[in-house]
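Here's the structure, in structure tokens; my notes come after.
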Amino acid sequence: MSDYQATNAASSGVVVDKKHIKQLSRRSDKPGLIWLAQWLGFLLATSYLIHSSQNTVWLIPAMFLHGIFLTVPAYSLSHECAHGTAFKNRTINEVLFWISSFIYFEEPYHRRYAHTRHHTYTWINGKDAQMPFETPMDFKGWLLEVSGLGLFFYELKVFFENATGRFSDITREHTPESELPKLQRGAIIFLSAYATLIALAIAGYKWPLLYLIIPRILGGPVMLLFTLIQHVEMQENQVNILNSTRSFTTNWLARFLYMNMNNHVEHHLYPMVPFHQLPQLNESIKDQLYEPDPGFFRTNLEVLSVVIRRSLGKSTKAATIRQDPSMINS
Amino acid sequence: MSEWHRVCGTDEIDEEDVIQFNHGDKVYAVYNTEKGFFATDGICTHEHQELADGIVIGTVIECPLHQGRFEITDGCALSAPVCIDLKTYPVKVENNNVFIEL
Ligand code: FES
């Protein structure tokens, strides 16, 4: 018997009929393919905006819009495919896992292994391999996180460590020895592909900059505002997902871009439930959960207000969003 | 010396599903698949997670904790994060009862 308790429904006292959970967890290709077609449709439309706004003042706004539609869904799809829940067909799942992880900027094997630690030890310091920022967060930490610089330098370091075979302690902890060569191969392939894109841009080809590199940089902060509020200001170092994780209500577009991960508590309780069944899962267990926080914008504004006040030495009590008492200084 | 042990009636495991069978201090998973009944160790080889809470997709069992996958018929680890195979056990069906040889 192991000496740890994984952070999930069992550790959080949430109970649902097993057959019902298995029913919700059934795999299907259709919802994922419909989502994919919609994503590609949005990308075509925003690409057209970039194409038709070249040499005008609208180019940067068009690239920003394209960046949102490129980056947030790439993160979401990479995450869903890391779980293998996006599609029933494993080949489709894995091909899209590699493509979306390439846009997200993390090598797929590393992404999958690091993410297992995030689920086993959600928001437990020193054990969760995906606690990307210092807590409690101050304004400087917020800027580093939301600008994308924190993630960029962290992932770049992991890429070079893994490509050169100098794996970090945490990578060795979450990845079996026999799998390390796959991480190394993946890191070399991705670094080579990124280098090729940059070389093409330097050689005068405009498309890598216009449709990929600059939009990815511009869209990064929007993606990071989504991921920031998954756990920020929540309780650390305990096994109850209800206390470590935040769900929030939001509109249809944000739910589409984020593949329903605004139901983040529900996802951590039952990670085998596919994205398209998370609203159903919420319906089934909502009487066992806290109320979700009120909206993407409001939750982010309140977090921003808290981190600014923390930097100024003022009260860090948030107005309405869920916040662990350990995060409140007066 | 191995022996046959009754697990359950054939109608006690839904089609494309799995149940847990405890014997001694060990945990086993017994499956009803499109290719018949099978049995493997009941704990994932990645971390300590009972596979009976996972889902059966064809002849694949997916672990509920990190969605690692094993081929049920031979225990083969199919995809990260699992990379160590599951041990499998002989199963027979007699008079609508499922038996496992341990
Ligand atoms: S515990 Fe089974 S895949 Fe991790």
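In what follows, every chain begins at residue 1, and chains take the letters A, B, ... in the order their sequences are listed.
- Closest approach of A:M272 and B:G54 over heavy atoms only: SD-CA, 4.2 Å.
- A pairwise comparison of heavy atoms in A:R90 and B:S79 identifies NH2-OG, 3.0 Å as the closest pair.
- Looking at B:V56, only its backbone comes within 4.5 Å of chain A, counting heavy atoms on both sides.
- If you measure heavy-atom distances from A:T120 to chain B, the contacts under 4.5 Å come from both the backbone and the side chain.
- The candidate from B:D25, B:L65, B:D53, B:I57 with the greatest count of non-hydrogen atom pairs under 4.5 Å with chain A is B:D53.
- Atom CD of B:E34 has more than 12 neighbouring heavy atoms from other residues, nucleotides or ligands inside a 6.0 Å radius.
- Contacts between B:E16 and chain A at a heavy-atom distance below 4.5 Å involve backbone atoms as well as side-chain atoms.
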(message) Run B:H66 and A:R112 through side-chain contact (heavy atoms from CB on, under 4.5 Å) and show every step you take.
(response) CA-CA 9 Å; B:H66 309 120; A:R112 196 166 257 158; over 6 Å; no

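- In this structure, the separation between CD on B:E62 and NE2 on A:H83 is 10.5 Å, given to the nearest 0.5 Å.
- Proximity to chain B (any heavy atom under 4.5 Å) is shown, for A:T116, by both the backbone and the side chain.
- Of residues 17-30 of chain A, those residues lying under 4.5 Å from chain B by any heavy-atom pair are A:K18, A:K19, A:K22, A:S25, A:R26, A:R27.
- In this structure, B:Q49 CD and A:N8 CG are separated by 6.5 Å, a value rounded to the nearest 0.5 Å.
- Interatomic distance, CD of A:Q5 versus NE2 of B:H48, reported as 11.0 Å (0.5 Å rounding).
- Heavy atoms closer than 4.5 Å to chain B are found in both the backbone and the side chain of A:P271.
- Annotation: B:K35, atom NZ; neighbour count of heavy atoms from other residues, nucleotides and ligands within 6.0 Å does not exceed 12.
- Taking SG of B:C83 as the start and NZ of A:K182 as the end, the distance is 7.5 Å to the nearest 0.5 Å.
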